[in-house]
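Read through the structure below, which is laid out as structure tokens, and then see the notes.
A, B, ... follow the sequence lines: proteins, then strands. Residue 1 opens every chain. Nothing here was measured: the structure is a model prediction, and the numbers come from that model. The figures here come from the full heavy-atom set of this structure, side chains too, leaving out hydrogens, waters and symmetry mates.
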2 protein chains.
Amino acid sequence: MAPPNPTFSPLYQQIKGLLIQSLQNGEWKPGELIPSETELAGRYGVSQGTVRKAIDELAAENLVVRKQGRGTFVATHNEDRAQYRFLRLVSDAGQALVPKSTYLSVDRVRANTDVATLLDIKPSDPVFVVKRTLGFEGIPRIFDEIWLPAAQYKGLTLERLQACDSTLYGFLESAFGVRMLRAVENIKAVSAQSEQADRLHVPEGTPLLMVERQSMTYADQLVELRRGWYVTDQFSYRNELY
Amino acid sequence: MAPPNPTFSPLYQQIKGLLIQSLQNGEWKPGELIPSETELAGRYGVSQGTVRKAIDELAAENLVVRKQGRGTFVATHNEDRAQYRFLRLVSDAGQALVPKSTYLSVDRVRANTDVATLLDIKPSDPVFVVKRTLGFEGIPRIFDEIWLPAAQYKGLTLERLQACDSTLYGFLESAFGVRMLRAVENIKAVSAQSEQADRLHVPEGTPLLMVERQSMTYADQLVELRRGWYVTDQFSYRNELY
DNA sequence: TAGTGGTCTAGACCACGTG
DNA sequence: ACGTGGTCTAGACCACTAT
């Protein structure tokens, strides 16, 4: 007899929202243990199964990591073997590849309209431009140009990047509290222009994979734009479809 | 006091296995409704919640599709709006793209070692080679070479492909009962060779995205190998990372 | 109105990791 | 031995779809 509720939202979704808030406001930091399911159930006044379903979704989105017998941890780009979580490369021989990065430059500039649009900021807002290469066995095979809205990365310098021995995302997470949660990539084939050819030690005109990535943190806020040029004669970009 | 079971397998995983068997042996065909959760619970002698968790995983893997109030259906490459489930392209303007395919040839040949390895069959086993283009607004922008182990596609001809107005996967599903469930892609940038340049109306040497896809059906059995060359100056290959 | 999947609960027990 | 997440159950109720 009761009318159906047009704005129905499952309890576990609301709990999920509360958990995301606690993650976002830093109540639980990357790498830390969050309270147990029963404790959270008590805190929010719901059953343990409802908390479980909320955490299930967070785990599916890689915001947290469950470890049986130990607890649930906030996901981190550091110290996990989740290094290079977003970079899926396989060598032609079929092995996974671990690149080594070399930072070339960091500049503070004003965003052009192109970059501003893709970062959802105002044109002429300040951004850092980071250039680097990723190499395998000493040979640079990826050249990245990375735009970071300056507002969220105050104090970024080339020296700090070069001094850091973790992943870029690991560094940005621990130094600026910016957590990369999700990204969208658009991939094309292009011809190497002079700068790319130079950085990658290939002739101009060499076909390169161009990967444009927009990365997001909580609430889908854009916090990185990146264009990478890949020399793919020894390896491939790997993707799985379901 | 009881010793832990080293070969522990959750009940819902076993149920999932039974459900997959029924899907595989054709008890429920693509597009059909499968029995309700309560009925399956009765059949297997478990609770409805256990069946639910099994079906949850099948739905997450796109083997079945749940529709609230109606039931659970076997996934299909036909009649769904799940057309081109594995092809994620976006135009530079940001819209999704719906290609139109043109079949060029079908040949029955013996697999070379390269193809045989990637299809997990014996060299010199017979395979069909299908060539086609995908176009947008009449302009061919993707050239595909598709290898299909002949054993599973008896009677495939160019005429049948040309006569069919559904997706390739939709056709292979209804004509041969082969369901593409999962695929792995390796992507590179290459220079257009003569055949590709010819088919795609671009000069030789044009940078092309080369997408090599291995497709699998139940039990991860390889049932397709495909190499596609994409002219990516008007659109991109889209990928989402989590 | 009947049947389906979707949510929520409460409680029991198991497997895993750590002391 | 203890606490955690993981499984399983049984039952109640809600939302959606079809008839």
Side-chain angles (χ1 to χ4, degrees), chain A residues 1-19 22-23 28 31-75 79-81, chain B residues 1-19 22-23 28 31-75 79-81:
Chain A
M1 290 304 173
N5 183 351
T7 58
F8 171 71
S9 169
L11 235 195
Y12 76 88
Q13 287 287 0
Q14 303 173 36
I15 303 301
K16 182 184 172 188
L18 294 174
L19 294 174
S22 289
L23 290 167
W28 311 311
E32 286 182 7
L33 183 66
I34 76 171
S36 74
E37 294 178 354
T38 42
E39 186 177 337
L40 290 169
R43 175 193 301 198
Y44 298 125
V46 301
S47 80
Q48 183 257 4
T50 300
V51 171
R52 164 157 273 270
K53 186 147 189 185
I55 295 181
D56 276 345
E57 292 207 351
L58 296 179
E61 296 167 22
N62 295 315
L63 268 73
V64 300
V65 178
R66 319 187 81 134
K67 302 194 179 175
Q68 185 174 162
R70 298 181 57 197
T72 301
F73 297 80
V74 182
E79 76 173 322
D80 252 332
R81 75 284 210 181
Chain B
M1 291 304 171
N5 183 351
T7 58
F8 171 71
S9 168
L11 235 194
Y12 75 88
Q13 287 286 0
Q14 303 174 37
I15 303 301
K16 182 184 172 188
L18 295 174
L19 294 173
S22 290
L23 290 167
W28 312 310
E32 286 182 6
L33 182 66
I34 74 172
S36 73
E37 295 179 353
T38 42
E39 184 177 337
L40 290 168
R43 175 192 302 197
Y44 298 126
V46 301
S47 80
Q48 184 256 5
T50 300
V51 171
R52 164 157 272 272
K53 186 147 188 185
I55 295 180
D56 275 347
E57 293 208 350
L58 296 178
E61 295 167 22
N62 295 315
L63 269 73
V64 299
V65 178
R66 320 188 81 133
K67 302 193 179 175
Q68 184 174 163
R70 299 182 53 198
T72 301
F73 297 80
V74 182
E79 76 172 324
D80 252 332
R81 74 281 209 183

request  = Consider the side chain of T72(A), meaning its heavy atoms from C-beta on, and name the nucleotide among dA15(D), dG6(C), dG5(D) that approaches it most closely.
outcome  = dG5(D)

key: Length of the CG-P vector between L33(B) and dT4(C), whole Å   = 9 Å

ask   = Where along residues 45-58 of chain B does a heavy atom fall under 4.0 Å from DNA chain D?
value = V46(B), S47(B), T50(B), K53(B)

inquiry  = I need the minimum non-hydrogen distance between L33(A) and R70(A), along with the two atoms involved.
reply    = CD1-O, 3.8 Å

task = To the nearest Å, give me how far apart CZ (F8(A)) and P (dT7(C)) are.
result = 7 Å

request  = Please determine, for the side chain of P10(B), which listed nucleotide (dA15(D), dT7(D), dG6(D)) has the closest atom?
outcome  = dT7(D)

query = Between R66(B) and D56(B), is any pair of side-chain heavy atoms under 4.5 Å apart?
reply = yes

ask   = Which of the following nucleotides, dC8(C), dT18(C), dG5(D), is nearest to the side chain of R70(A)?
value = dT18(C)

query = Are any non-hydrogen side-chain atoms of W28(A) and L19(A) less than 4.5 angstrom apart?
reply = yes

key: For the student: nearest non-hydrogen atoms of I15(B) and Y44(B), plus distance   = CD1-CB, 3.8 Å

inquiry  = Can you tell me if S36(B) touches the phosphate of dT4(C), counting only side-chain N or O atoms and a distance under 4.0 Å to OP1 or OP2?
reply    = yes

key: Atom of K16(B), atom of A54(B) and distance for their closest heavy-atom approach   = N-CB, 3.8 Å

request  = Can you figure out which of dT18(C), dG5(D), dA15(D) approaches the side chain of Q68(B) most closely?
outcome  = dA15(D)

task = May I have the distance from L40(B) (atom CG) to dG3(C) (atom C1'), rounded to whole angstrom?
result = 15 Å

Shortest non-hydrogen separation from R43(B) to P35(B) and the atoms involved = NH2-CG, 3.9 Å

ask   = Heavy-atom distance under 4.5 Å between the side chains of L58(A) and T72(A), does that happen here?
value = no

task = Measure from CD on E37(B) to C1' on dT9(D) and round the result to the nearest Å.
result = 15 Å

key: d(CD, Q14(A); P, dT7(C)) in whole Å   = 12 Å

note = Y44(A) OH to dT9(C) P, in whole Å, measures 14 Å

inquiry  = Rounding to an integer number of Å, can you tell me how far L11(A) CG sits from dA15(D) C1'?
reply    = 15 Å

ask   = Which whole-number value in Å describes the distance from I15(B) CD1 to dT7(D) P?
value = 14 Å

